[in-house]
Structure formats: structure tokens, C-alpha cells
There are 2 protein chains.
Amino acid sequence: MKEGPDLSRVAALVGDPARANMLSALMGGTALTASELALEAGVSLPTASSHLAKLCDGGLVRVAAQGRHRYFALAGTQVALMIEAISGVAEAVGPQRTRPGPRDRAMREARVCYDHLAGERGVALFDHLVARGLLVEDAERLTPSDAGRRWFEALDIDVGALKQARRPMCRACLDWSVRRSHLSGSLGAAMLDTITTRGWARRDKHSRAVVFTPTGRRAFDKLLAD
Amino acid sequence: MKEGPDLSRVAALVGDPARANMLSALMGGTALTASELALEAGVSLPTASSHLAKLCDGGLVRVAAQGRHRYFALAGTQVALMIEAISGVAEAVGPQRTRPGPRDRAMREARVCYDHLAGERGVALFDHLVARGLLVEDAERLTPSDAGRRWFEALDIDVGALKQARRPMCRACLDWSVRRSHLSGSLGAAMLDTITTRGWARRDKHSRAVVFTPTGRRAFDKLLAD
DNA sequence: ACAACGCTTCGACTACCATCGAACCGTGAT
DNA sequence: ATCACGGTTCGATGGTAGTCGAAGCGTTGT
């Protein structure tokens with residue numbers, strides 16, 4: 001009867017539209033305040049507060065008090081992974097939604113997945129790294145090769161420094177739009193950071209979409225050209 | 001506000017305890033009848049029927065009418081993947097549950113994930129295959145090498161035949177107990193089939209656990225010994 | 001001190017939905 | 001034909017959880 005972890009408890013947390021919207025917003029990776037999330041979810045502030053309390057209590061969301069602000073963020077990569085997985089089946093089974101408009105197209109091309117790059121460009125990056133042997137899968141985990149290390153250093157990403165962090169550096173994260181893997185982990189996060197700080201792309205203010213500038217697109221394509 | 005696929009719709013489906021129990025039961029991979037699922041979920045038959053209608057309607061479950069029986073099964077691997085992901089965070093955030101008893105220990109050691117082997121033994125198998133170069137990750141997907149093909153054929157698994165199927169042959173599926181990947185896809189299913197038909201292990205009747213016989217354990221270990 | 005602001009708590013209302021008993025509908029067996 | 005069986009539909013009931021306005025609390029700035 002009751003076996004294993006309690007699925008329904010955590011699923012029910014995501015099962016409310018307001019909370020789902022908040023979690024979607026938090027998939028952007030940046031921490032948000034209660035009022036921002038209330039706006040995002042389309043509910044009043046008290047309602048949002050109640051929901052956030054539940055999300056915290058349920059362990060899906062972490063809160064950091066800072067002065068008179070309280071910043072909410074996803075509790076961890078595992079939660080982000082789950083949200084993406086749910087999005088995957090929602091996408092697959094829910095063609096009754098509005099058909100893919102220009103907005104969805106942007107999401108497909110490139111979007112933020114928690115703190116790294118997903119979508120077609122994310123997958124393209126991942127494929128390139130693996131195909132060129134810059135990323136290799138040894139026994140149990142994905143690690144950059146020596147050539148890969150040099151490749152990243154050319155982008156001012158210090159692989160050695162990231163290695164220190166307790167967080168897994170590389171992960172393959174399954175994509176819901178394209179059905180393939182993209183680069184996750186701290187290395188994925190650093191990669192997205194590079195892309196934005198170099199002005200190749202900016203994060204859309206009201207969605208998780210990542211919109212590339214024309215020059216940024218060229219630079220990115222050139223990076224993968226060989 | 002409303003962007004991307006509708007998370008809450010599908011999450012809410014999993015959010016009910018009765019439905020979650022049914023889905024857990026279906027993670028065993030075998031199709032079950034409505035009455036079996038009612039028993040599993042601990043609800044009356046009408047209630048179960050109502051839930052199953054919703055699950056079908058929501059696209060999480062497929063039904064196959066066969067005489068006066070109606071067999072229910074998960075709609076696909078993507079759904080199974082999602083369930084595992086949710087289990088993952090439920091496991092991570094829910095230490096308020098009963099502490100890991102012998103039953104949970106069995107689940108950790110080996111269990112069925114939809115139709116393939118998960119848990120420590122599933123991960124051990126996957127690690128061995130990758131470490132020995134029997135499975136290699138080329139540009140975008142995991143494929144058995146020539147040596148791997150021979151390795152599988154020694155177990156009477158015809159890799160060529162599996163390749164024909166429309167279903168992806170190999171997939172890396174993230175594990176909730178151990179935090180690593182195990183072999184999914186039709187090859188993973190064939191592997192589990194081999195293990196059970198050879199009598200190395202049998203599937204527990206009332207859970208997803210896979211219990212190895214002493215001789216089966218030896219045979220399996222020997223398989224991975226090198 | 002006082003006021004503005006961000007957020008939480010309280011209380012009351014509402015709506016939805018899970019639940020079950022009983023009746024109903026097919027299919028398969030006698 | 002008739003009965004047993006698996007399953008669904010219907011109707012009524014009850015509980016639970018989302019919702020918001022108003023009030024309360026702590027922090028920051030003037």
C-alpha cells in the first residue's frame with residue numbers, strides 16, 4: 001500500500017496552479033521576493049505567502065531573509081530536475097494548450113533551466129562538447145578532458161576552481177523540448193554566466209527564455225563551428 | 001503569467017494519494033486491472049475507476065480493453081521518468097517517513113523502474129558497461145560498442161533486433177536512491193528480462209523490489225567481475 | 001519617534017473534489 | 001436465457017484547501 005517515498009505530498013505541492021507558476025518562475029534561477037512571486041502567480045500577497053510557507057515546509061523552496069526582504073529560491077538542482085521532468089510530460093500530453101507561438105519558440109531555442117542553458121542551443125553545446133571529446137564520461141561521471149579544460153579556459157572559465165565546489169560540476173540534464181541532454185552542474189552554470197556577461201544573450205525578464213543577440217548568435221555558432 | 005506547458009495539471013494528477021499509489025504500482029511495469037489498482041491504492045472500486053478515468057484523460061495512463069478486463073499501464077517512459085524524479089525529491093525532503101526498514105533496503109538494492117533494473121545493482125551494471133567500454137556515448141546517444149554487442153549476445157540478447165524497435169534502445173535513467181544513472185530503454189528491459197528468466201532474481205509481488213537469489217547474486221556479480 | 005514598506009497571521013467564505021453506496025451496463029460462463 | 005463478474009455512472013455527503021480583506025509585526029528610512 002504505502003511504499004517508498006511519499007509521491008503525493010510533493011506532487012500535490014506542484015499541483016496547485018499558483019504554486020506551479022511560482023516554481024516555474026523560480027526555474028529562472030534567480031531568487032525572488034514574495035511580492036514578485038505573488039505577481040508572477042497572479043494571486044494576492046497573503047495567498048502567495050501561504051503558498052510559499054507550504055513550499056518551504058515541503059522542502060521544495062529555500063528562503064533567505066535579508067533585511068526586510070525575503071528571497072525565495074528552489075531548494076536544489078534535484079527539485080529543478082523534477083520540474084523539468086514534469087514539464088516534459090505536460091508538454092507531451094498537453095497539446096490542448098495554445099499552439100507554439102513565438103514565445104514558445106524562443107523557449108525552445110534557448111532557455112534557463114535553474115541556472116544553466118537548456119533548449120536547442122543548450123543541447124547543441126552539449127553535443128559539441130561530447131563529440132569533440134572535450135567532455136568524457138568515465139566510470140560514473142562526466143568530466144572535462146585536458147582539451148576540454150583548455151577549451152573552457154579560453155572562455156575564462158576556471159575548471160579547477162569549479163572542481164573544488166561540493167556541487168557536482170557536470171551533469172547531463174534531460175531536455176523537455178528537444179528530447180536530449182544538455183550541460184548542467186556548476187560548469188553549465190558558468191557557461192551560461194559567460195554567455196550573458198559577454199552580452200551574447202540576455203535573459204527575458206518575464207519568462208525563462210534566453211534571447212541571443214545577432215552578434216551573440218554568431219559568436220556562439222563560431223564557438224561550436226569546430 | 002502562464003508560460004510553457006501546464007505543470008499543475010499533471011502534477012495535480014499525481015498529487016492525490018490514491019492516484020500516486022496507483023502510479024507507483026504501475027511503475028512495476030506490468031499492466032494491472034482496475035480492481036487490482038483499487039486494492040493497491042486502498043480505495044473502493046468506484047473511486048478507483050474515477051481516478052483511472054482522470055489519469056487516462058490526463059495522458060499519464062493508457063488502457064487496453066481485453067474481454068471483460070481492462071488493463072491499465074503507464075503511458076510511456078517519459079511518465080515513468082517523471083515519477084522517478086518526483087520520488088527523488090520526495091526521498092530527499094521527506095526524512096519524516098518511517099526510517100529505512102528491510103523493505104526499503106530491498107528497494108534500494110534492486111527494484112524495477114517501469115521495465116528495467118534500478119537501484120544499486122542497476123547502477124553497478126551501468127557503471128560496469130560504461131567503464132569497460134561496452135557502452136559508449138557518441139555525439140548524442142548511448143550505444144553499445146562491438147565488444148558490448150558481443151557481451152550482450154553472450155547473454156542471448158540480440159542487440160541488432162532491439163535496434164529495429166522504434167523505442168530508444170539505451171537511455172541513462174537517473175536513480176533516486178543512489179544518485180547515479182542506470183540503464184534504461186529496450187536494452188535495459190531486455191537485461192531485466194534476462195535476469196528474471198534465468199532465475200537470478202524474482203520480482204516481489206507487492207512492491208517494485210527485485211529480490212536476488214543467492215546463486216543469482218553470485219552469477220550477477222561474476223558478470224560484473226570482469 | 002513616526003511613517004512607509006514587506007510580509008505574515010487570522011478569520012470567514014467558497015468551491016472543488018475525493019469518497020462511497022446503489023444502480024447500471026457489458027462480457028463471459030452455465 | 002440466466003447468472004456471475006468486472007467495471008462505470010450517478011447522486012449525495014463531507015472534508016479540505018485555496019482565496020482574500022483586515023489586522024498585526026518587524027525592519028528600514030526620515
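Throughout, protein chains are lettered first and strands after them, A, B, ... in sequence-line order, and every chain is numbered starting at 1.
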### Query
Between the main-chain N or O of V210(A) and the side-chain N or O of R121(A), is there a donor-acceptor pair closer than 3.5 Å?
no
Q: If the plane angle is over 60° it's perpendicular, under 30° parallel, otherwise tilted; pick one for W200(B) and F220(B).
A: perpendicular
Contacts of R19(B) meeting side chain to side chain donor-acceptor pair (under 3.5 Å) (sequence neighbours excluded), chain-then-number -> H51(B)
CG of L26(B) to CG of L74(B), rounded to nearest 0.5 Å, is 5.0 Å
What residues 31-38 of chain A contributes to the DNA chain C interface at heavy-atom separation below 4.0 Å is T33(A), A34(A), S35(A)
Given protein heavy atoms under 4.0 Å, the one-letter contact record of nucleotides 19-30 of chain D, with B base, S sugar-phosphate only and - none, is simply SBBB----BS--
Exercise. Using atom types as modelled and distance alone, determine if a side-chain donor or acceptor of S87(A) lies under 3.5 Å from a backbone N or O of I83(A).
Key: yes
Whole-Å distance, H69(B) NE2 to dG28(C) P, equals 9 Å
Contacts of R62(B) meeting side chain to side chain contact (heavy atoms under 4.5 Å, CB included) (sequence neighbours excluded), chain-then-number -> A75(B)
Assign each of R19(A) and A53(B) the nucleotide of DNA chain D bearing its closest heavy atom; nearer the 5' end lies the nucleotide of A53(B)
Closest heavy-atom pair, D115(A) versus V112(A), reported as atoms and distance to 0.1 Å, is N-CG1, 4.3 Å
When rounded to whole Å, the CG to P distance for the pair N21(B) and dT19(C) reads 10 Å
Nearest heavy-atom contact between G28(A) and R208(A) is N-CG, 4.0 Å
Step by step, work out the side-chain contact (heavy atoms from CB on, under 4.5 Å) result for N21(B) and V43(B). CA-CA 10 Å; N21(B) 282 335; V43(B) 294; over 6 Å; no
Students should find that the end-to-end axis angle of the helix from dA1(C)-dT30(D) to dT30(C)-dA1(D), with five pairs defining each axis and rounding to 10 degrees, is 30°
Whole-Å distance, L55(B) CG to dT8(D) C1', equals 16 Å
T194(A) meets the side chain to side chain donor-acceptor pair (under 3.5 Å) criterion, sequence neighbours left out, with none
D57(A) atom CG is separated from dT8(C) atom P, nearest whole Å, by 13 Å
Separation of dC5(C) atom C1' from R70(A) atom CZ, nearest Å, is 15 Å
Quick one: does R198(A)'s side chain have a donor or acceptor within less than 3.5 Å of a partner on A219(A)'s backbone?
no
